[in-house]
Amino acid sequence: MPVDTIKWIGGTDGCARIIDQTLLPNEYKLIDLCDIKTMWQAIKVLQIRGAPVLAIAAAYGVVLGLREVKDSDSAEALKKQVNKSCEYIAGSRPTAVNLFWGLDRMKKAAEACTAKTAGQMKEHLLTEAHAIRDEDARTSRAIGDNGAPLIKDGFSIITHCNAGGLVTADYGTALAVMFTAHQQGRRFQVYADETRPLWQGARLTAWELVQAGIDVTVICDNMAGSLMNQGKIDLVITGADRIARNGDTANKIGTYSLAVLAHVHNVPFYIAAPISTFDPKLADGSGIPIEQRDRAEVSDPFGHRIAPVQAKVYNPAFDVTLYRYIAGFITECGIIRPPYKETISRLLASVG
Ligand code: MRU
């Protein structure tokens, strides 16, 4: 559902206001991020998270970095600061390509800007960040419209992680498809994988679906196979963090297992994602950088120790689903089907 995932308050010296997603669903708290370091930290600790919205957070992060330059300084000084800020924000999280796409947009906007002073250029870059946000909102609606016909009355759907309003400026990606089908009057149920180790499914997806009035059941990640084996699942839809040119797709850890299970049980598995999630530089998924996160997320979830301190921990935040397990990509330009090498390159060529 549309929630106030990220807003900008004020002018060029304003702040980004976000929902602190680490506190949901127990507490709904808006926090203001008023400098670039605080934005970096919010991205790192997942106060703001999910691929598409990271493009917006990155763009606003760049704007926050510009306050280190005085309005009366030269446009050249500001351009240098843009590059420095982009480099800094790029070090926050590596996997979602949208973050880098947002930074590239800001760099290109700075390069193309003919303003003479830093002050004028700040206005221009804030406008660009707002444009990224507004386009993202429209994109999420289009993904919902394009994917909704896949959901039929009486369907049972599994989703993994959280790909709802909390990851975009409006409707989400995978959940946008469900919100739209629900608005169109279809009745269906959703199984939300809890999504260990940080429970984005149990905490965030279930929260969003409950608010939308959609029938949701939280399951542990290891229950999907049993449901599919009983013939209880009709469709799987997840989001994505980075899609290579051949269709290999990085998404939250556990997505690959879900896709293999869906393949074995003949359940169609779809990815819903904006075109900014496709990485034209990568031929296949082997080059996707996978973020490794702190051991405590696994061994001491939410501060409660469940594993001996002597045990090692493996904690990749994402995995890569092979293209052959994916029935289609639901994008703002329609549903992309195999053979992906051709259809994805046509899609990317059509948007320049
Ligand atoms: O680590 P997170 O919570 O940022 O991971 C998010 C996911 O993996 C989502 O499923 C993905 O970004 C798709 S959201 C459109």
Side-chain angles (χ1 to χ4, degrees), residues 5-16 33-37 39-40 43 48 51-94 96-142 168-170 242-243 245 273-282 331-333 344-352:
T5 305
I6 187 162
K7 271 185 171 176
W8 185 262
I9 307 297
T12 51
D13 58 352
C15 300
L33 312 174
C34 298
D35 61 71
I36 188 169
K37 284 197 177 133
M39 176 60 87
W40 189 96
I43 295 171
I48 184 149
V53 85
L54 289 183
I56 308 168
Y60 283 141
V62 171
V63 175
L64 290 173
L66 303 182
R67 61 188 55 184
E68 290 173 24
V69 179
K70 289 201 286 294
D71 285 1
S72 54
D73 282 350
S74 70
E76 268 325 298
L78 199 96
K79 279 184 190 172
K80 273 199 192 128
Q81 183 62 26
V82 169
N83 289 335
K84 204 171 135 196
S85 299
C86 286
E87 219 171 283
Y88 178 66
I89 294 284
S92 57
R93 294 190 77 191
V97 74
N98 311 64
L99 182 138
F100 303 93
W101 177 89
L103 295 175
D104 276 351
R105 280 271 301 254
M106 295 302 277
K107 271 191 231 164
K108 282 185 186 138
E111 280 313 315
C113 183
T114 54
K116 295 279 181 288
T117 68
Q120 290 162 340
M121 208 156 143
K122 284 183 191 178
E123 294 283 355
H124 180 74
L125 289 168
L126 180 60
T127 304
E128 181 69 3
H130 289 332
I132 292 173
R133 179 202 59 200
D134 295 345
E135 283 167 31
D136 179 75
R138 290 193 293 276
T139 295
S140 75
R141 289 281 164 161
T168 66
D170 189 46
R242 195 185 289 234
I243 304 164
R245 287 202 313 271
I275 293 168
S276 56
T277 306
F278 289 80
D279 185 346
K281 294 196 194 94
L282 289 184
T331 75
E332 65 270 39
C333 292
I344 291 176
S345 72
R346 266 207 301 278
L347 171 78
L348 297 180
S350 74
V351 294

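Since the structure is predicted, the reported quantities are computational estimates derived from the model, not experimental observations.
Contact record, G102 with I132: O-CD1, 4.1 Å, taken as the closest heavy-atom pair. Closest of all the heavy-atom pairs between V69 and A118 is CG1-CB, 3.9 Å. Heavy-atom minimum distance, I36 versus S85: CD1-CB, 3.6 Å. Of all non-hydrogen atoms in A59 and M106, the two that sit nearest each other are O-CE, 3.5 Å. Contact record, H124 with A109: NE2-O, 3.4 Å, taken as the closest heavy-atom pair. Considering every non-hydrogen atom in both I275 and C333, the closest pair reads CD1-SG, 3.4 Å.
In this view, E128 and R105 satisfy the salt bridge (charged side-chain N to carboxylate O under 4.0 Å, His left out) rule, not counting sequence neighbours. Applying the salt bridge (charged side-chain N to carboxylate O under 4.0 Å, His left out) criterion to R141, with sequence neighbours excluded, gives D170.
Remark: E332 CD to S140 OG distance equals 10.0 Å, nearest 0.5 Å. Within the model, atoms CG of L54 and OG of S276 stand 10.5 Å from one another, a figure rounded to the nearest 0.5 Å. Between the CZ atom in F100 and the NZ atom in K281 there is a gap of 9.5 Å [rounded to 0.5 Å]. Going from atom OG1 of T12 over to atom CG of D71 covers 6.0 Å, rounded to the nearest 0.5 Å. The distance from the CD1 atom of I6 to the CG atom of L33 is 7.0 Å, given to the nearest 0.5 Å. Atom-to-atom distance recorded for R133:CZ and T5:OG1 is 12.0 Å, nearest 0.5 angstrom.
In this structure, the side chain of R245 does not engage the main chain of F278 through any donor-acceptor pair within 3.5 Å.
The number of heavy-atom neighbours closer than 6.0 Å to NZ of K79, taken from other residues, nucleotides and ligands shown, is above 12.
Residues L125 and L78 have side chains in contact (heavy-atom distance under 4.5 Å, counting atoms from C-beta outward). Two residues are said to be in side-chain contact when any heavy atoms from C-beta on lie closer than 4.5 Å; N98 and T277 meet this criterion. Side chains of N83 and K107 form a contact here, defined as non-hydrogen atoms less than 4.5 Å apart.
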Verdict with supporting geometry, L99 and I43, side-chain contact (heavy atoms from CB on, under 4.5 Å): CA-CA 10 Å; L99 182 138; I43 295 171; 4.2 Å; yes
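For the side-chain contact (heavy atoms from CB on, under 4.5 Å) test with T168, the passing option among I56, D136, T139 is D136; the others fail.
A perpendicular orientation is assigned to the rings of W8 and H130, their planes being inclined by more than 60° (bins at 30° and 60°).
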